[in-house]
Protein chains: 2
Amino acid sequence: MDDIDRKITGLLAADARRALADIGAAVGLSASAVNDRIRRLQAQGAIRAFTVDADPAALGLPVLAFVWVSLRDGADESAFRSFAAAHPAVMECHHVTGPWSYLVKLRLPALAAVETVLAEIKAQGFLGRSETILALSSPVEGAHVPKGAA
Amino acid sequence: MDDIDRKITGLLAADARRALADIGAAVGLSASAVNDRIRRLQAQGAIRAFTVDADPAALGLPVLAFVWVSLRDGADESAFRSFAAAHPAVMECHHVTGPWSYLVKLRLPALAAVETVLAEIKAQGFLGRSETILALSSPVEGAHVPKGAA
DNA sequence: CATGAAAACGGTTAGGG
DNA sequence: CCCTAACCGTTTTCATG
C-alpha cells in the first residue's frame with residue numbers, strides 16, 4: 001500500500017466507474033498497471049468491495065437512530081454480535097469506551113420501527129439498558145450501502 | 001422506485017461490478033433495461049455514486065471515534081456544518097436529539113489525532129462542550145468510503 | 001417501458017522489458 | 001513491477017414493439 005495505491009483507492013471512492021486509462025493518467029501509470037494494483041488491493045483486503053452509495057430516504061429508510069446498549073448481565077456477547085451483523089436495520093455496531101457497551105446505528109422505515117428493534121434485542125435476552133438518539137438531519141451523512149441483498 | 005429498482009440497488013450494493021446481463025437475469029430483465037433503470041436511479045439521486053468500500057486500517061486510519069458536540073452559544077451553525085463537511089476525518093455528522101447538538105464520527109490515524117481535531121473545532125470558535133467515545137472493535141463496521149479525493 | 005442486435009468502449013490478457 | 005497492443009466481453013445506443 002504505497003502512495004499511488006492510496007490515490008487509486010481515493011479516486012475509486014469518488015467514482016468507481018472511471019476508466020482505468022483515466023485513473024492511470026491521474027496517477028502516472030498505464031491502464032493495465034492500474035488494473036494490477038486494484039486486483040492486489042482487493043486481494044489484500046484493502047479494497048473490500050465495489051458498491052453503490054444510495055440515498056436511504058429514497059429506499060424507504062428515512063429514520064436514522066443511534067442506540068446505546070448495555071448488555072444484560074451474563075448475556076452472550078458473541079451471539080449479540082451475530083444478531084447485529086444479521087439484522088438488516090443495523091448499519092453499524094461498535095464496542096465502545098464509556099458507560100455503554102455498544103453503539104448501534106440503525107436505518108429504519110419509520111419511527112415506530114425503533115421500538116420493534118429494541119423489542120427484538122430484548123427478546124433475544126441481550127438487552128440490559130439502552131438509550132436511543134435520533135438524527136434530525138445530517139450535515140455529513142456518510143455513504144449508505146443497502147444491506148442484506150445477496 | 002419499484003421493487004425491481006430496490007433489488008437492482010441491493011445487487012449493486014453487494015457487487016457494483018456485476019454484469020448488467022447477470023443482474024438482468026436475477027431480476028427478469030434484459031441488460032439494457034437494467035442499464036436504463038440504473039441511469040434513472042442515478043438521475044433521481046437514489047443511487048448517489050459508484051464507490052469502493054475500503055478497509056480503514058489498511059489506509060492508515062485505525063482509530064474510530066465518536067464525538068458529542070455542543071456548539072458554543074452564538075456559534076455559526078452553517079459554518080460548523082461546512083467545516084464538518086470539508087474535514088477529511090469527519091465521516092459523518094448528525095444533528096441529534098438529546099442533550100448534545102451533534103454526533104460526529106471520526107476516522108483517524110492515531111489516538112493523538114483526536115486532540116488535534118478537537119483543537120481545530122475549538123479554534124474555529126464552534127466548540128462549547130464535547131465528549132469523546134472510542135470504538136474498541138466493530139462487530140458491524142459498515143462501509144468505509146475514503147474521503148477527500150477529487 | 002422493454003427488447004434485441006449492432007456499434008463503441010473499456011477491462012483483460014499476452015508478450016516483452 | 002510496468003508498458004504496449006491485441007482481444008473480447010460489456011456497456012451503450014438505436015430501431016422497434
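A, B, ... follow the sequence lines: proteins, then strands. Residue 1 opens every chain.
- Sorted by residue number, the members of residues 21-54 of chain B with any non-hydrogen atom under 4.0 Å from DNA chain D read B:Ser32, B:Asn35, B:Arg39.
- In this structure, B:Arg18 and B:Ala26 approach most closely via the heavy-atom pair NH2-CB, 4.2 Å.
- Annotation for A:Ala135 and B:His94: closest pair CB-CB, 4.0 Å, computed over non-hydrogen atoms.
- With A:Tyr102 as reference, A:Phe80 is the one residue of A:Phe126, A:Trp68, A:Phe80, A:Phe66 to meet the ring-ring contact (aromatic ring centres under 6.0 Å, His included) rule.
- Enclosure of atom CD in B:Glu115 is not indicated, since only 12 or fewer non-hydrogen atoms of other residues, nucleotides or ligands lie within 6.0 angstrom.
- One can place CZ of B:Arg17 at 13 Å from P of D:dT10, the figure rounded to the nearest angstrom.
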side-chain contact (heavy atoms from CB on, under 4.5 Å) assessment of A:Val27 paired with A:Leu11
CA-CA 10 Å; A:Val27 301; A:Leu11 292 169; 4.0 Å; yes
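- First and last contacting nucleotides of DNA chain C toward chain A (any atom under 4.0 angstrom from a heavy atom, 5' to 3' order): C:dG11 to C:dT13.
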Could you give me the CA-CA distance, side-chain angles and deciding distance for A:Val145 and A:Met91, then say whether side-chain contact (heavy atoms from CB on, under 4.5 Å) is met?
CA-CA 9 Å; A:Val145 176; A:Met91 304 311 298; 5.7 Å; no
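- Heavy atoms only, all atoms of each residue included: A:Val90 and A:Ala84 are closest at CB-O, 3.3 Å.
- Between the P atom of D:dC3 and the CG atom of A:Leu20 lies a distance of 13 Å, rounded to the nearest Å.
- Environment of CZ in A:Arg72: sparse, with no more than 12 heavy atoms of neighbouring residues, nucleotides or ligands closer than 6.0 Å.
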